[in-house]
Amino acid sequence: MPELTYLQAISSALRDELRADERVFLLGEDIGAFGGAFKVTHGFHEEFGADRVMDTPLAETAIIGTAVGAAVSGLRPVAEMQFADFIACGFDQLVNVAAKMHYRQGLAVPMVVRLPSGGGFSGGPFHSQNPEAWFMHSPGLKVVAPSTAEDAKGLLHAAIQDPNPVVFMEHKHLYRRVRGEVQDGIYTTPFKARIARRGENLTVITYGAMVPAALEATAELDGVEVLDLRSLTPLDVEAIVDSVSRCSKVVIVDEANATCAAGAQVSAVIAEHAFEMLDGPVKRIATPDVPIPFSPPLEAAVLPSVTRIREACDELLGY
Amino acid sequence: MPELTYLQAISSALRDELRADERVFLLGEDIGAFGGAFKVTHGFHEEFGADRVMDTPLAETAIIGTAVGAAVSGLRPVAEMQFADFIACGFDQLVNVAAKMHYRQGLAVPMVVRLPSGGGFSGGPFHSQNPEAWFMHSPGLKVVAPSTAEDAKGLLHAAIQDPNPVVFMEHKHLYRRVRGEVQDGIYTTPFKARIARRGENLTVITYGAMVPAALEATAELDGVEVLDLRSLTPLDVEAIVDSVSRCSKVVIVDEANATCAAGAQVSAVIAEHAFEMLDGPVKRIATPDVPIPFSPPLEAAVLPSVTRIREACDELLGY
Amino acid sequence: MLMMRGLEARALSLYKQGKVPGSFYDGYGQEAVSAGAAFAMAAEDRLCILHRDLAAHIVRGVEPARILAQYMGRASGITGGRDGNVHFGDRNRGCVGMVSMLPDMMCVANGLALAFKLRGQKAAALTFCGDGASSRGDFHEALNWAGVQRLGVIFVLENNQYAYSTPTSAQFAVDPVKRAETYGVRGVSVDGNDAEAMFAAVHEARTRAANGEGPTLVEAQTMRMHGHAAHDDMRYVPKELVEHWAARDPIKLQSKRLKELGVDLDALQRDVDAEIDAASQEALASPMPDPDTALDGVFCEGEATELADGLAPWSGWAHA
Amino acid sequence: MLMMRGLEARALSLYKQGKVPGSFYDGYGQEAVSAGAAFAMAAEDRLCILHRDLAAHIVRGVEPARILAQYMGRASGITGGRDGNVHFGDRNRGCVGMVSMLPDMMCVANGLALAFKLRGQKAAALTFCGDGASSRGDFHEALNWAGVQRLGVIFVLENNQYAYSTPTSAQFAVDPVKRAETYGVRGVSVDGNDAEAMFAAVHEARTRAANGEGPTLVEAQTMRMHGHAAHDDMRYVPKELVEHWAARDPIKLQSKRLKELGVDLDALQRDVDAEIDAASQEALASPMPDPDTALDGVFCEGEATELADGLAPWSGWAHA
Ligand SMILES: Cc1ncc(C[n+]2csc(CCOP(=O)(O)OP(=O)(O)O)c2C)c(N)n1
Ligand SMILES: Cc1ncc(C[n+]2csc(CCOP(=O)(O)OP(=O)(O)O)c2C)c(N)n1
Ligand SMILES: [Mg+2]
Ligand SMILES: [Mg+2]
């Protein structure tokens with residue numbers, strides 16, 4: 001099996017889908033000849049042409065709306081926002097048009113929106129956001145967030161093959177930092193959680209870029225489980241409850257702003273459905289409710305760090 | 001003290017602010033001569049003129065963006081979305097421009113966005129939403145949601161006088177159903193929770209239209225407290241923890257879709273900060289993750305009902 | 001047009017009887033716009049139809065009984081009670097149901113046209129936009145994209161003088177049809193109360209669209225003759241304006257023409273009335289949706305089935 | 001212009017030394033646009049300045065040391081390290097810092113102009129928009145609103161031929177300046193590499209705006225002579241295009257004029273260089289922000305203080 005970076009795994013999924021299914025096409029700003037802001041579609045233009053790797057005007061609303069129209073026509077559009085942050089500009093088309101179509105009209109909207117998200121490299125308030133919770137709170141959208149190269153590919157295949165609109169959160173900070181062995185060809189990863197490391201004393205429930213952070217933070221601790229959610233909608237409540245039942249103590253880690261984040265939902269699920277298994281408060285680590293500052297010392301002060309995760313685990317283990 | 005409906009209380013706050021502070025002006029679709037879709041600004045046009053009760057083009061993005069510009073210039077714009085649902089069309093200007101301005105640039109944006117929200121009258125998927133959680137997850141915005149006529153006026157005065165962008169959730173279903181004595185003139189209600197009914201056996205934590213529902217559902221139960229949050233950002237964590245500490249059992253009620261809702265955040269706060277006070281799981285009642293259907297039997301099946309609240313309380317009291 | 005007028009009148013009376021929940025919108029006096037435009041589209045074309053355009057649904061072949069059931073939130077309505085009165089589109093007739101947010105469907109229509117283009121199909125997409133909705137960004141993003149990619153799409157700008165209570169003078173300084181050519185989109189303006197003029201304009205636009213000659217914006221000049229919705233008495237509209245347009249009623253206009261052609265209009269009206277009576281009975285007999293199904297269908301579980309072709313039995317392209 | 005070019009060159013070299021975090025954008029070759037436009041604005045006017053328009057900040061009186069500190073994320077930068085390099089505006093100089101989302105500030109500029117109008121003040125607002133950003137809905141909503149309400153606002157359409165890698169041919173079918181008049185907005189097109197032409201066009205627009213004669217869209221035709229950001233080698237731009245515009249460098253052009261007027265350009269350059277050296281030292285000596293303050297200021301706690309006037313020491317309106 002070849003070793004790929006997280007970014008290469010995403011490229012590989014897109015390439016394989018474009019080759020296998022002529023209904024699939026990509027659209028976004030600068031993804032064609034230029035290969036995309038992060039070079040995810042590097043070389044695609046040559047192989048697949050301008051129609052299937054389509055450069056669009058700078059118009060996020062139109063990108064999402066056009067994708068909806070193409071999807072209900074039987075195509076499989078995969079739209080890229082240049083940065084996840086710009087989805088705010090196409091928000092209405094996504095939450096009102098794409099998300100509600102099947103429930104309202106029985107008309108499936110098989111499309112994917114790729115959102116390069118997350119901070120950690122001085123991107124500042126508009127290039128560092130993790131907006132997944134907005135979409136978890138918008139019925140009709142699926143939301144997935146891989147943390148490994150293998151899952152990045154498998155989840156993207158599954159997302160493209162899914163008959164629903166799927167928001168694909170790809171964390172920019174993992175693009176080139178994370179690599180791993182990735183199966184050749186098309187395979188799908190289910191929208192279910194995965195135990196990244198088994199343990200029995202405490203579980204850290206997290207997703208995306210916080211998975212490697214959690215693994216690092218707890219590497220030397222005894223019996224700490226790390227549950228990688230992978231899918232946020234649907235949320236794998238069973239896996240969460242199972243992990244909590246076995247470990248009895250929970251730390252939830254989120255890179256997004258804390259209030260009403262994915263982590264808040266996980267905590268609420270636990271407080272309702274696994275209360276009796278709990279042996280201590282449900283701790284949360286997240287970015288406080290603040291725009292992500294640009295300057296490195298400020299950014300480092302707000303993003304969840306390996307140290308903060310470790311301290312929270314230590315504290316709870318001693319509870 | 002005059003008795004006003006919730007709607008009249010909102011009108012009264014707007015009128016008093018327009019009279020008292022020449023910096024205040026209103027803008028929105030059809031709010032001028034027509035008096036607004038719900039007649040909140042009925043008669044204002046005659047008293048204050050077209051400049052201060054400004055009919056705008058059908059352009060939500062521009063409404064929010066224009067309000068931001070006016071606010072940083074020292075005015076006090078109060079923008080109305082015809083229905084809360086349409087804020088999705090002005091989302092980017094609200095969460096990216098208005099919300100982050102003060103943190104990024106030290107420039108205050110004193111504006112209010114009024115969002116007539118909520119379901120219960122066959123408004124269907126686009127006239128029934130409760131989008132407050134999107135804004136709780138957007139740092140830099142305050143979010144308030146009155147449940148009584150008195151608070152509707154007091155919170156709106158406070159919102160207009162606040163130097164920050166405030167999202168004012170006014171529940172359409174309360175407009176004419178709720179009435180109460182309301183103080184004359186300008187007074188401000190703090191962005192803090194209020195105990196709607198004191199109790200000691202169980203606390204129902206809620207806000208907006210679910211406050212009267214919770215009061216009704218628990219009227220005949222013994223010692224059930226109802227905590228009306230009133231403000232969602234800032235969230236009154238102290239009042240929540242205090243109520244939970246005294247009551248030990250909690251039901252959280254939300255009209256919004258459940259996942260990542262305000263109620264999820266409240267639950268997470270409790271699971272983290274009041275875990276030891278809990279005598280049972282933290283129950284949640286909310287609308288499931290579904291667009292709000294139009295047809296009465298379907299809508300009734302998804303919105304939280306008095307019966308469902310009552311059953312949850314009964315169950316937990318017997319825990 | 002007769003059917004649209006009759007169905008809406010019936011729906012309004014059902015509304016007044018409390019049988020139509022929510023609010024009620026109609027297109028009284030604008031029937032020629034959607035009837036004329038939809039007639040010009042072929043079965044394989046795709047449409048996103050708006051709230052004043054009921055005739056387009058009828059032309060596509062949607063059964064009157066299902067339309068009345070839709071208004072009443074019945075199980076047999078097009079959306080099975082999930083969405084409200086005019087917010088529907090029959091996917092089996094090549095239609096995508098509108099969302100409330102106007103004019104979002106313009107971007108969706110581009111996507112429909114793009115699919116034709118990418119597949120090399122000679123067909124077109126049609127949607128509508130009000131004078132008011134033209135102020136929104138989606139109007140611009142859609143026109144610009146359609147122009148730069150030369151999509152086979154037709155936008156009908158339904159200029160009915162008002163957006164709720166807002167007259168066009170507070171909506172724009174210049175008639176938006178003028179903008180078309182600045183996007184590389186053909187722009188034409190027609191009498192929206194003249195069904196045949198509408199047909200001709202959209203028919204030509206459709207020919208061009210299907211032949212890869214790009215998009216057209218067709219302005220239909222008309223008048224909203226009822227209030228914005230059933231609750232609105234539109235006292236803000238000058239009486240003379242209403243009178244002026246009342247004299248130009250599209251059905252009267254077309255009736256005169258048909259009479260000259262020897263059509264028996266009374267018989268036609270009787271047929272329509274009978275059909276509406278039957279539809280009304282059928283719809284009233286349809287049950288309300290089962291509350292136990294309220295959570296079904298948020299997600300598609302099986303294979304995604306795409307839009308099917310319309311019936312368009314009277315289409316100008318039926319034998320093309 | 002010299003100062004902008006010099007400061008950006010210095011910032012770029014600091015970037016290459018790893019002293020500027022994140023990415024780095026500049027306006028090399030476009031200096032005349034923002035310099036010329038900002039010179040035409042009075043101290044009491046308001047500006048939203050974009051990422052290719054550093055000269056406008058300088059004209060407003062923002063100190064070079066604070067600009068370099070801003071690029072480096074230092075505590076003494078305009079935003080104190082909270083926001084990135086070009087995302088700033090000095091509120092004490094009448095400027096609102098841009099957001100990344102382009103061209104959102106067009107709507108904000110309308111609000112600035114609306115405030116003038118409501119207060120009866122004779123002043124104007126200025127903002128910019130790229131050729132690429134013109135495709136977004138905010139462009140449309142802002143122009144339409146400005147046109148219908150006749151706001152005193154000036155939009156400079158900075159047509160530098162590219163939006164990141166996207167040439168204007170993939171962005172629009174017709175030059176967006178043509179759209180101006182279809183909104184009731186005056187539209188003019190000028191040579192954006194000619195500082196004096198820019199000044200004249202914006203000066204006239206500003207006179208009209210302040211006098212209640214409505215908005216203007218000024219297209220500045222220019223060329224982005226560097227990559228989109230420091231990482232971009234812009235190999236997608238044809239060499240001839242770059243050469244064509246290189247011969248039309250705005251600073252060369254203006255230098256020639258000044259020379260004819262007898263200005264000692266070498267001395268000017270020496271002054272600018274000395275100022276930049278001093279600014280650079282000052283900025284480098286400024287500390288990074290204190291991480292303990294990272295959460296401060298999400299909300300305004302005291303009274304809201306509004307925008308203050310700029311210095312605009314060289315403004316064409318300084319003595320007006
Ligand atoms: C984005 C958006 N904002 C507000 C509304 C509320 N609303 C419904 S119809 C309407 C007026 C629409 O006017 P126009 O586009 O001219 O269409 P008409 O109803 O006149 O056919 C308004 C403001 C809406 N549907 N969508
Ligand atoms: C809404 C939005 N989408 C995407 C981007 C990412 N982006 C940053 S600059 C840029 C190109 C902008 O082109 P143009 O408007 O022509 O301005 P220029 O950089 O050429 O001055 C893009 C796509 C953005 N800033 N805003
Ligand atoms: Mg209209
Ligand atoms: Mg450009």
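Here is the naming used below: chain letters follow the sequence lines, and residue numbers restart at 1 for every chain. Atoms considered below: every heavy atom in the structure, side chains included; atoms not considered: hydrogens, waters and symmetry mates.
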Practice task
Report the option among C:A109, C:A304, C:A142 that has the most heavy-atom pairs separated by less than 4.5 Å from atoms of chain A.
Solution key: C:A304
Exercise for the section: Please state whether the side chain, the backbone, both or neither of C:V298 comes within less than 4.5 Å of a heavy atom of chain A. Expected result: both
Exercise for the section: Applying side chain to side chain donor-acceptor pair (under 3.5 Å), name anything that partners A:R19, two or more places apart in sequence or on another chain. Expected result: A:E47
Problem - Partner chain C: residue of A:V68, A:L58, A:L107 with the largest heavy-atom pair count (under 4.5 Å) - result: A:L107
Handout entry: Heavy-atom pairs under 4.5 Å with chain A, option from C:A113, C:G137, C:G89 with the top count
Key = C:G89
Problem - Engaged part of A:A59 at the chain C interface, taking heavy atoms whose separation is under 4.5 Å - result: both
Practice task
Count the heavy-atom pairs under 4.5 Å between each of A:L27, A:V109, A:I63 and chain C, then report the option with the highest count.
Solution key: A:I63
Practice task
Please state whether the side chain, the backbone, both or neither of C:M106 comes within less than 4.5 Å of a heavy atom of chain A.
Solution key: neither
Between chain C and chain A, which donor-acceptor atom pairs come closer than 3.5 Å, counting both backbone and side-chain atoms?
unit_1: A:T61; atom_1: N; unit_2: C:E141; atom_2: OE1; d: 3.3
unit_1: A:A62; atom_1: N; unit_2: C:E141; atom_2: OE1; d: 2.8
unit_1: A:V72; atom_1: O; unit_2: C:L307; atom_2: N; d: 3.1
unit_1: A:S73; atom_1: O; unit_2: C:R119; atom_2: NH1; d: 2.7
unit_1: A:S73; atom_1: O; unit_2: C:R119; atom_2: NH2; d: 2.9
unit_1: A:Q93; atom_1: NE2; unit_2: C:D104; atom_2: O; d: 3.1
unit_1: A:Q93; atom_1: NE2; unit_2: C:D138; atom_2: OD2; d: 3.0
unit_1: A:H102; atom_1: ND1; unit_2: C:G297; atom_2: O; d: 2.8
unit_1: A:Y103; atom_1: N; unit_2: C:G297; atom_2: O; d: 3.3
unit_1: A:Y103; atom_1: O; unit_2: C:R82; atom_2: NE; d: 3.4
unit_1: A:Y103; atom_1: OH; unit_2: C:A294; atom_2: O; d: 2.6
unit_1: A:R104; atom_1: NE; unit_2: C:D83; atom_2: OD2; d: 2.5
unit_1: A:R104; atom_1: NH2; unit_2: C:D83; atom_2: OD2; d: 3.0
unit_1: A:R104; atom_1: NH2; unit_2: C:M98; atom_2: O; d: 2.3
unit_1: A:Q105; atom_1: O; unit_2: C:R91; atom_2: NE; d: 3.4
unit_1: A:Q105; atom_1: OE1; unit_2: C:G89; atom_2: N; d: 3.2
unit_1: A:Q105; atom_1: NE2; unit_2: C:H87; atom_2: O; d: 2.9
unit_1: A:G106; atom_1: O; unit_2: C:R91; atom_2: NE; d: 2.9
unit_1: A:N164; atom_1: OD1; unit_2: C:C300; atom_2: N; d: 2.7
unit_1: A:N164; atom_1: ND2; unit_2: C:C300; atom_2: O; d: 3.0

Handout entry: Nearest-0.5 Å distance that lies between atom CG in C:L47 and atom CG in C:L126
Key = 4.5 Å
Practice task
Keeping the roles fixed (side chain from A:R230, backbone from A:F191), state whether a donor-acceptor pair exists under 3.5 Å.
Solution key: no
Practice task
Quick one: which of C:G297, C:C107, C:G111, C:C300 has the most heavy-atom pairs under 4.5 Å with chain A, could you say?
Solution key: C:C300
Practice task
Can you establish whether the number of heavy atoms outside A:H273 located under 6.0 Å from its atom NE2 is more than 12?
Solution key: yes
Exercise for the section: Please examine the side chains of A:L229 and A:V266, heavy atoms only from C-beta on, and report whether any two atoms are closer than 4.5 Å. Expected result: yes
Problem - Side chain proximity check, A:T189 to A:Y187, heavy atoms < 4.5 angstrom - result: yes
Problem - Largest heavy-atom contact set with chain C, pairs under 4.5 Å, which of A:G106, A:P165, A:P110 - result: A:G106
Exercise for the section: Check side chain to side chain donor-acceptor pair (under 3.5 Å) between A:D16 and all other residues, then give those that pass, not counting sequence neighbours. Expected result: A:K153
Completion exercise
Note: vs chain C, highest number of non-hydrogen pairs under 4.5 angstrom among A:G140, A:G69, A:G74, A:A67 is A:G69
Exercise for the section: Flag the pair C:P215 / C:V153 as yes when at least one side-chain heavy-atom distance between them is below 4.5 Å, and no otherwise. Expected result: yes
Problem - Sub-4.5 Å side-chain heavy-atom contact between C:M105 and C:V108 - result: yes
Practice task
For chain A, find which of C:V148, C:L295, C:L114 contributes the most heavy-atom pairs closer than 4.5 angstrom.
Solution key: C:L114
Exercise for the section: Kindly indicate whether the side chain of A:Q129, heavy atoms from C-beta on, has any atom under 4.5 Å from the side chain of A:W134. Expected result: yes
Problem - A:P291 vs A:F126 side-chain heavy atoms within contact, under 4.5 Å - result: no
Exercise for the section: With sequence neighbours left out, write down each residue that passes salt bridge (charged side-chain N to carboxylate O under 4.0 Å, His left out) with A:E170, or none if nothing qualifies. Expected result: A:R114
Problem - Under 4.5 Å from any heavy atom of chain C - which part of A:I64 - result: neither
